[in-house]
Asks: 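Dropping a structure here in structure tokens format, bear with me for questions.
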Amino acid sequence: MTVPGTLNKFKRLKIKQRDPNERKNDFDMYMIPYTFEEVKIEADRCLGCGLCVPGCPARVNIPGYVRAIADGDRERGINILFKDLPLPQICGTVCTHRCEDACVFHNRGDAVAIRHIKRYIAENSDYTRDVNITKKADTGKRVAAIGAGPASLTIAYYLALNGVHVDIYEKHKVPGGMMTIGIPRYRLSMDFINKEVDFILSLGAEIKYGVEVGKDISFEDLMKQYDAVFIGAGNHNPRRTGTAGAEKTDRVMHAIEFLRRVALGEKVDVGEKVIVIGGGFTAMDAARTSLRLGAKKASIYYRRRFEDRPSAGTSNGEEEYEETVAEGIEFIWTVTPFEYVVENGKLKGMKYWKNEMVEQEGGGRAKPVPMKDQEYFVEADFIIEATGQTVDFSFLPEHLKEKLEMNWNNIKVDGNGMTSIEGVFAGGDAVNGTKDIISAVADGKRAAKGITKYLGL
Ligand SMILES: Cc1cc2nc3c(=O)[nH]c(=O)nc-3n(C[C@H](O)[C@H](O)[C@H](O)COP(=O)(O)OP(=O)(O)OC[C@H]3O[C@@H](n4cnc5c(N)ncnc54)[C@H](O)[C@@H]3O)c2cc1C
Ligand code: SF4
């Protein structure tokens with residue numbers, strides 16, 4: 001073990017993980033959290049310079065809570081965390097930790113393990129006992145939020161502290177949004193999610209489960225019944241590749257549907273050989289989940305090169321890639337599928353071309369161009385398309401869709417988180433381009449402030 005104050009200040013105390021050959025057979029969490037001795041050693045490396053803070057979308061006071069645990073004061077640490085982040089245990093476990101890429105040690109050794117330190121503080125805290133809550137008296141104001149993901153949970157937390165009641169409408173029967181129905185359990189246990197959701201709800205917010213806005217209740221009714229509405233509906237509309245043959249079989253599925261079904265307890269039969277199309281986190285989660293469902297082989301086919309994959313070069317991207325490879329998943333680069341081969345109703349495999357990467361005139365990202373003179377075939381029992389998703393706007397009536405200003409595929413909001421429709425706010429994946437939990441939290445914080453101002457409180 002390293003000793004604080006030695007040359008090893010530049011080296012991270014690596015967190016332990018379960019053996020990949022063992023962990024790939026079950027859905028138990030694979031990361032083994034720091035002990036108190038370990039977290040102190042790691043926290044002692046921090047210089048308190050604060051360079052990491054702008055790297056965090058929610059601008060959490062990182063040096064503050066890292067110092068607190070270095071001093072052995074976990075309770076101070078959890079209170080610093082809760083000022084800016086009502087989901088510290090979830091983020092301590094699966095945050096994309098872009099703050100670590102901004103740490104002063106990142107390019108001269110190893111960044112301080114900010115995320116693991118946060119997990120230690122949160123996991124070892126009892127929020128009801130340790131978090132000092134000052135809650136304003138009930139103002140009588142009520143806000144409706146669509147979706148029980150991190151964006152809505154964050155506004156529910158901050159508005160509850162300001163005496164505003166939030167009703168969250170969630171079409172599924174579970175809380176958490178993509179944290180629950182996207183991120184697999186081996187990375188984030190349901191206990192972690194429930195702990196933080198329960199704490200937020202204990203302050204006065206409510207989740208109305210199994211209620212789909214646009215179907216079970218109209219968006220306009222929400223606007224009439226509440227003082228403001230928050231859209232935290234995420235991105236749940238699958239983007240498909242359009243590859244021929246997909247329509248002939250139910251053995252080709254979008255990753256969002258696949259991961260959701262597994263998360264909700266369905267035993268999806270993936271067979272022995274699984275192909276995942278894509279190259280990002282969702283592709284890796286889909287492949288790793290397939291192994292845990294019994295696949296003997298899972299391979300990820302991506303249209304660009306190794307160095308072009310999403311999040312390449314970030315510490316989070318590299319860590320997840322290493323963990324995926326360690327579990328025996330193979331990556332095949334520069335591939336375009338053009339047919340899913342189905343014979344007598346049975347999926348046989350996939351035909352694909354290899355791509356050449358063509359540099360763009362005037363710079364820009366090299367473009368994958370299929371070399372169609374050579375065709376390849378690979379056998380598969382199940383194919384998963386992890387090719388992204390967009391906002392599902394089916395909850396909005398046409399006349400409001402027309403009024404809602406967009407920024408490409410995302411809802412446009414102002415500095416208060418308000419959309420182009422008066423009294424309607426938005427945040428999270430439906431709004432921001434980064435599409436991670438901490439950005440949803442940052443959006444939720446902004447919207448909670450904006451709503452408080454809008455309500456004249
Ligand atoms: C496979 C996968 C892995 C990921 N891994 C990570 C990770 O490791 N770290 C990280 O930071 N981020 C990760 N993300 C991204 C992260 O989960 C999202 O950025 C975040 O959850 C977005 O939060 P949100 O509140 O905007 O929406 P969501 O979490 O998507 O929640 C939206 C909720 O709205 C509900 N909803 C939608 N429409 C309606 C309606 N009409 N009526 C009622 N309810 C509705 C949905 O059911 C859903 O529960 C991952 C995402 C996926 C898909
Ligand atoms: S940048 Fe690194 S060393 Fe500086 S405060 Fe943040 S965690 Fe500590």
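When a ligand or atom number is given, it counts from 1 through the structure's own listing order.
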Asks: Specify the closest pair of heavy atoms between Arg115 and Glu100, including all atoms of both residues, with the distance to one decimal.
Replies: N-OE2, 2.9 Å
Asks: Has Cys46 got an N, O or S atom lying less than 2.8 Å from atom 8 (Fe) of ligand 2?
Replies: yes
Asks: Using the six-membered ring of Tyr30, assess whether NZ or CZ of Arg288 lies under 6.0 Å from its centre and within 45 degrees of the ring axis.
Replies: yes
Asks: Tell me whether Val104 reaches ligand 2 (any heavy atom closer than 4.0 angstrom to a ligand atom).
Replies: yes
Asks: Tell me whether Lys273 forms a cation-pi arrangement with Phe382, defined as NZ or CZ under 6.0 Å from the six-membered ring centre and within 45 degrees of its axis.
Replies: no
Asks: Taking atom NZ as the centre, does Lys195 end up with more than 12 heavy-atom neighbours from other residues, nucleotides or ligands that are less than 6.0 angstrom away?
Replies: yes
Asks: Who's the nearest protein heavy-atom neighbour of atom 18 (C) of ligand 1, and how far?
Replies: Asp429 OD2, 3.3 Å
Asks: Taking backbone and side chain together, does Cys103 place any N/O/S atom at a distance below 2.8 Å from atom 4 (Fe) of ligand 2?
Replies: no
Asks: If we ignore angles and hydrogens, is there a donor and acceptor under 3.5 Å between the side chains of Tyr186 and Asp285?
Replies: yes
Asks: Could you tell me which atoms of ligand 1, counted from 1 in the order shown, lie closer than 4.0 angstrom to a heavy atom of Ala440?
Replies: 23 (O)
Asks: Any idea which protein heavy atom is nearest atom 6 (Fe) of ligand 2, and the distance to it?
Replies: Cys52 SG, 2.2 Å
Asks: Among all protein heavy atoms, pick the one closest to atom 6 (C) of ligand 1 and tell me residue, atom and distance.
Replies: Ile183 CD1, 3.5 Å
Asks: Does the pair Glu42/Arg45 count as a salt bridge with the N-to-O cut at 4.0 Å?
Replies: yes
Asks: Under 4.0 Å from a heavy atom of Lys435: which atoms of ligand 1 are those, numbered in the order shown and with their elements?
Replies: 15 (C), 19 (O)
